[in-house]
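Inspection log for the structure reproduced underneath, given as structure tokens.
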Amino acid sequence: MLANAAFRASRLSSSLSRVSASAATAAFTASPNPNHESSPPPSPPSSSTAVRHLSDWQSPLSHRAAVRSSAAVAERFERRFSSMDRLPYSIRILLESAIRNCDDFQVKPKDVEKIVDWENTSPKQVEIPFKPARVLLQDFTGVPAVVDLACMRDAMNRLGGDSNKINPLVPVDLVIDHSVQVDVARSENAVQANMEFEFSRNKERFGFLKWGSNAFHNMLVVPPGSGIVHQVNLEYLGRVVFNRDGILYPDSVVGTDSHTTMIDGLGVAGWGVGGIEAEAAMLGQPMSMVLPGVVGFKLSGRLKDGVTATDLVLTVTQILRKHGVVGKFVEFYGEGMGELSLADRATIANMSPEYGATMGFFPVDHVTLQYLKLTGRSDETVAMIESYLRANKMFVDYSEPQTEKVYSSYLELNLEDVEPCISGPKRPHDRVTLKDMKADWHSCLDNNVGFKGFAVPKESQNKVVDFSFHGKPAQLKHGDVVIAAITSCTNTSNPSVMLGAALVAKKACELGLEVKPWIKTSLAPGSGVVKKYFEKSDLQKYLNQLGFNIVGYGCTTCIGNSGDLDEAVAAAISENGTMPLNNIVASAVLSGNRNFEGRVHPLTRANYLASPPLVVAYALAGTVNIDFEKEPIGIGKDGKEVFFRDIWPSNEEIAEVVQSSVLPDMFKGTYEAITKGNPMWNQLSVPSGTLYSWDPTSTYIHEPPYFKDMTMSPPGPYGVKDAYCLLNVGDSITTDHISPAGSIHKDGPAAKYLMERGVDRKDFNSYGSRRGNDEVMARGTFANIRLVNKLLKGEVGPKTIHIPSGEKLSVFDAAMGVKAVISKSFERIHRSNLVGMGIIPLCFKPGEDAETLGLTGHERYNIDLPTSVNEIKPGQDITVTTDNGKSFTCTVRFDTEVELEYFNHGGILPYVIRNLISSKQ
């Protein structure tokens, strides 16, 4: 996204939203066996811990009417496209959903026809509606979603409506996984200690979510300590095929986390969306999306010995970033598919956001069915899934001749060409092969500050900082590792790389190698299954010996929940707590998916993504400044040099341990246990009412002001007059810039707000954990410490220049709010969030931007729009003028009539409330 200007007019709020609508439920081809149930094994019990799930949902339309509607569209489908054989599998899922939900209102026959004619329509960027089968949340994004639902119920009451109409119409799964931090590491007691810290910080949030799980139908809350949302989705929640009252249809999911795409490895269409889109989907509103192009990615050959799935995904990420796949689906196929385990596929699918695709899709085949059985799905369920998908031409059988599919573009990779590698030091797609790593590191030290540079002067590159660590002498140099974390759903869901890491640890321990005690090592599996197969293989003890004790079951270092470094280490890295360029460039090595500077830890300027076995290897080496092929990784107990090759297991060794240690009963037992909760969760006492009792003193859960002055009459569209520029930013503005999830800076507006309310700095927690409070989140908007705002002329940080006074202020303090954003282009989620908030999204015309138009950001801007929504058309051009005589044309990025209705109502939330109250349903 390139956002060039955000204009002030009224206070920016952090509202999320959703829309209520009905969904027809019918399979577009009848299953030969419609009576089997497809649901996570085992069915969660109805209790305060694992709440009502799936069974309560009823479509507002009758099945008979829905079948009639779908049948009529299906006939037209057959006439227009007699053979599906050449249509990508991922597009078939969109087609099935459109046919099943076609009601000539939310989904119209012309929408189905667009998908049927995908080969011709997708290059034209046509819009289609999509209604996912379910919604997936994690707690950082789930708390504000439940806040919005609770707030909507209150609004319904105030305006005389029925608050019970505010309930999810599709199943919602919420996994609490983002709150655990690595406060305690290298300890046998780390899991319990970190969970106690987690509950002490987040008890109020957790109680609120537990209340929501009882107050709302169709919502399952998976308690803290159960695992990472995407691994739980893969191993337990993913249905592949839904059975709703005898009607079968493909599982599909949107989630409020970008790595929801991991489920694509299971053949379930899923991707990450903004909170606004997710909440709209919860309440039955179709998502508006551009019918995507599909990149066909052919895989051949097999991985060489010593090469991991992580090496493969980093290679794929680099290839796809270069090709350009933003807004597209990537569909994998070819004979190489048979050489990839389901977990390997999920690893590749997980990093779709890093290579820019909406999905990285792997159609269901025999490998998928084997994984379903491994993870405890019943034989009956697996048979039903196969029968349904075969009947609907959604199953790939590589034992049969394959019809060549039509794709928008084509790529190919021979798996034998993949080499061991890592990515960094600041971006996931900056891949470096292991053999080139030392040379690349020295180039990074030399290069100017940037994605591949630290600008360390030659005379300072050998700098050594001596310090005392717990009474013993220690030292740090540029490139030294201070954090080594086996973390993130990307890799912890893959037994091959996890057990590979354990085998590296075993070989290292047997040779007498150790990890330096000041390196913060941690192991955070994505589910309890990992612990079970580590115990079965008898390998956990070797990881413990190197300091990789299990610290918890959830997202940790990958999202910045790495915890504090030891004070002595932190002091050695930075001078007096500051970060001048001549400080030590310390490194983190993690098995995650994102390594943007400032995300993993404020003191690690170099952050490298690596496979779990490589995380252990770099921890042993203690530095990224090493050539593993030529230099020893350490000195063994016999005094001899130990090299990388001495501790690296073969693929055969790994496969043997996986085969003997990863068993179906482990998955069944783990997921039976998580639905029962844990003692701390079960002891949470929450009210039983369907309306939430807001605590005005709470700094975590705050009643938002969205509906205070709301009436039943829509406010109508608005223009912008004499607005000033709030920010002028450049390329690659990400969610991390707009709404950071990490630590709250002690000098920022959010910190001031909390301290004024008696919150000590040690209890700030993170921005992500306080997303249930709109006051904190408004103060956290654009609070990223690495934000580059052109108004500041080179200064980096969450500040801006207040115009016209010229005073330098925090972005929050300078803002009167945002009424419009002008951009060269929008990432889909960001545009839809603006639309959902009733903010005007505008795009410069091709070839133009603030720089080419001579805009400095110091002008006053006028944006003229008609006062009647009927006079505005989706995608129309409008004129923007400035007080110094400049005039230019922009495209209004309300792309559909439905989006214009949201704008007319002031956003999705008011639209929903007014429609529910007016509805006689």
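Start at 1 with the first residue, then count along the sequence.
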Give a yes or no answer on whether the side chain of Lys886 reaches the backbone of Thr881 with a donor-acceptor pair at less than 3.5 Å.
no

Would you say Thr856 and Glu859 make side-chain contact, with heavy atoms under 4.5 Å?
yes

Are the side chains of Lys845 and Cys890 in touch, meaning some heavy atoms are under 4.5 Å apart?
no

Should Leu842 and Ile863 count as side-chain neighbours, where that means a heavy-atom distance under 4.5 Å?
yes

Smallest heavy-atom separation, Leu792 atom then Lys799 atom, equals CD1-O, 3.3 Å

Is the NZ or CZ atom of Arg321 positioned over Tyr355's six-membered ring, under 6.0 angstrom from the centre and within 45° of the axis?
no

Taking only Lys NZ, Arg NE, NH1 and NH2, and the carboxylate oxygens of Asp or Glu, determine whether Glu775 and Arg779 approach each other closer than 4.0 Å.
yes

Does NZ or CZ of Lys426 lie under 6.0 Å from the centre of the six-membered ring of Phe596, at an angle within 45° of the ring axis?
no

Polar side chain donor-acceptor pair, Ser179 to Arg205, under 3.5 angstrom
yes

Taking Thr781 for the side chain and Met777 for the main chain, is one N or O donor matched with an acceptor at less than 3.5 Å?
yes

Asp747 side, atom CG; Ser810 side, atom OG - distance, nearest 0.5 Å:
11.5 Å

Ser163/Arg158 under side chain to side chain donor-acceptor pair (under 3.5 Å): CA gap, chis, key distance, verdict:
CA-CA 9 Å; Ser163 62; Arg158 285 195 295 269; over 6 Å; no

A side-chain contact here means heavy atoms from C-beta on lying under 4.5 Å apart; do Pro292 and Leu94 qualify?
yes

Flag for Tyr911-Gln285: side-chain donor and acceptor within less than 3.5 Å:
no

State whether a side-chain donor-acceptor pair under 3.5 Å links Asn765 with Tyr700.
yes

Output yes when a side-chain donor or acceptor of Asn773 lies under 3.5 Å from a complementary backbone atom of Thr699, and no otherwise.
yes

Distance (rounded to the nearest 0.5 Å) between Asn789 CG and Leu726 CG
8.0 Å

Test Ser887 against Val880 for side chain to side chain contact (heavy atoms under 4.5 Å, CB included), laying out the working first.
CA-CA 6 Å; Ser887 176; Val880 180; over 6 Å; no

Measure the spacing between OG of Ser766 and CD1 of Ile559 and express it to the nearest 0.5 Å.
7.5 Å

Side-chain heavy atoms of Val821 within contact of Ile840, under 4.5 Å
no

Any chance you could lay out the salt bridge (charged side-chain N to carboxylate O under 4.0 Å, His left out) test for Glu795 and Lys808, step after step, and finish with the verdict?
CA-CA 11 Å; Glu795 183 179 339; Lys808 184 168 70 173; 3.0 Å; yes

Answer yes or no: is there a side-chain heavy-atom contact under 4.5 Å between Glu277 and Val254?
no

Is Thr121 reaching over with its side chain to a backbone N or O of Lys114, donor-acceptor style, under 3.5 angstrom?
yes

Arg757 to Tyr753, cation-pi by 6.0 Å centre distance and 45° axis angle
yes

Please name the pair of heavy atoms, one in Pro866 and one in Pro717, separated by the smallest distance, quoted to 0.1 Å.
O-CG, 3.5 Å

Give a yes or no on whether Asp760 atom CG has more than 12 heavy-atom contacts from other residues, nucleotides or ligands under 6.0 Å away.
yes

Derivation of the side chain to side chain contact (heavy atoms under 4.5 Å, CB included) call for Thr879 and Phe888
CA-CA 6 Å; Thr879 300; Phe888 55 96; over 6 Å; no

Quick test of your reading of the model: are Arg427 and Asp430 salt-bridged, counting only N-O distances below 4.0 Å?
yes

Measure from NZ or CZ of Arg893 to the centre of the six-membered ring of Phe826, then state whether that distance is under 6.0 Å and the direction lies within 45° of the axis.
no

Quick one: pull up OG1 in Thr256 and CG in Leu137 and give me the separation to the nearest 0.5 Å.
4.5 Å

Using a 3.5 Å distance criterion without hydrogens, assess whether the side chain of Asp139 forms a donor-acceptor pair with backbone atoms of His178.
yes

How far does CD1 of Ile128 sit from CE of Met287, to the nearest 0.5 angstrom?
9.5 Å

In short, Thr800 meets Ala814 closest at the heavy-atom pair CG2-CB, 3.5 Å

Check step by step if side chain to side chain contact (heavy atoms under 4.5 Å, CB included) holds for Val290 and Val126.
CA-CA 6 Å; Val290 174; Val126 299; over 6 Å; no

Please determine, by modelled atom types, if Glu354 and Asn593 share a side-chain donor-acceptor pair under 3.5 angstrom.
no

Are side-chain heavy atoms of Thr260 and Val253 found at a separation under 4.5 Å?
yes

So does Lys873 get a backbone contact from the side chain of Gln876, meaning a donor-acceptor N/O pair under 3.5 Å?
yes

Should we count NZ of Lys452 as having more than 12 external heavy atoms under 6.0 Å?
yes

Side-chain (Arg599) to main-chain (Cys558) donor-acceptor, under 3.5 angstrom:
yes

Enter the distance from Ile913:CD1 to Asn915:CG here, rounded to the nearest 0.5 Å.
10.0 Å

Take Val720 and Tyr861 through the test side chain to side chain contact (heavy atoms under 4.5 Å, CB included) and record every step on the way to the result.
CA-CA 7 Å; Val720 176; Tyr861 293 81; 5.7 Å; no

After noting the C-alpha distance and the side-chain angles of Phe903 and Tyr718, does the key distance pass the ring pair (Phe, Tyr, Trp, His ring centres under 6.0 Å) rule?
CA-CA 9 Å; Phe903 181 50; Tyr718 62 82; 5.1 Å; yes

To check you understand the geometry: which heavy-atom pair defines the closest contact between Lys746 and Met755, and what is its length?
O-CE, 4.0 Å

Between Val143 and Gly772, the two heavy atoms sitting closest are CG1-CA, 3.6 Å

Whether the Thr891 and Asp877 side chains hold a donor-acceptor pair (N or O, under 3.5 Å, no angle test) is what I'd like checked.
yes

Does the distance from a Lys or Arg side-chain N to an Asp or Glu carboxylate O, for Glu848 and Lys824, drop under 4.0 Å?
no

Keeping the roles fixed (side chain from Arg770, backbone from Phe764), state whether a donor-acceptor pair exists under 3.5 Å.
yes

Donor-acceptor check, side chain of Asp154 to backbone of Cys151, threshold 3.5 angstrom: yes or no?
no

Within the 6.0 Å centroid threshold, strictly below: Tyr692 and Phe208
yes

Could you give me the CA-CA distance, side-chain angles and deciding distance for Asp895 and Arg831, then say whether salt bridge (charged side-chain N to carboxylate O under 4.0 Å, His left out) is met?
CA-CA 10 Å; Asp895 292 347; Arg831 187 195 68 83; 3.4 Å; yes

Under 3.5 Å, side chain of Asn595 to main-chain N/O of Asn607, donor-acceptor pair present?
yes

Do we see a donor-acceptor contact under 3.5 Å between the side chains of His702 and Asp774?
yes

Non-hydrogen atoms of Ser825 and Cys843 that approach each other most closely:
CA-SG, 4.2 Å

Determine whether His737 and Asn784 make a side-chain contact, defined as any pair of heavy atoms from C-beta on separated by less than 4.5 Å.
yes

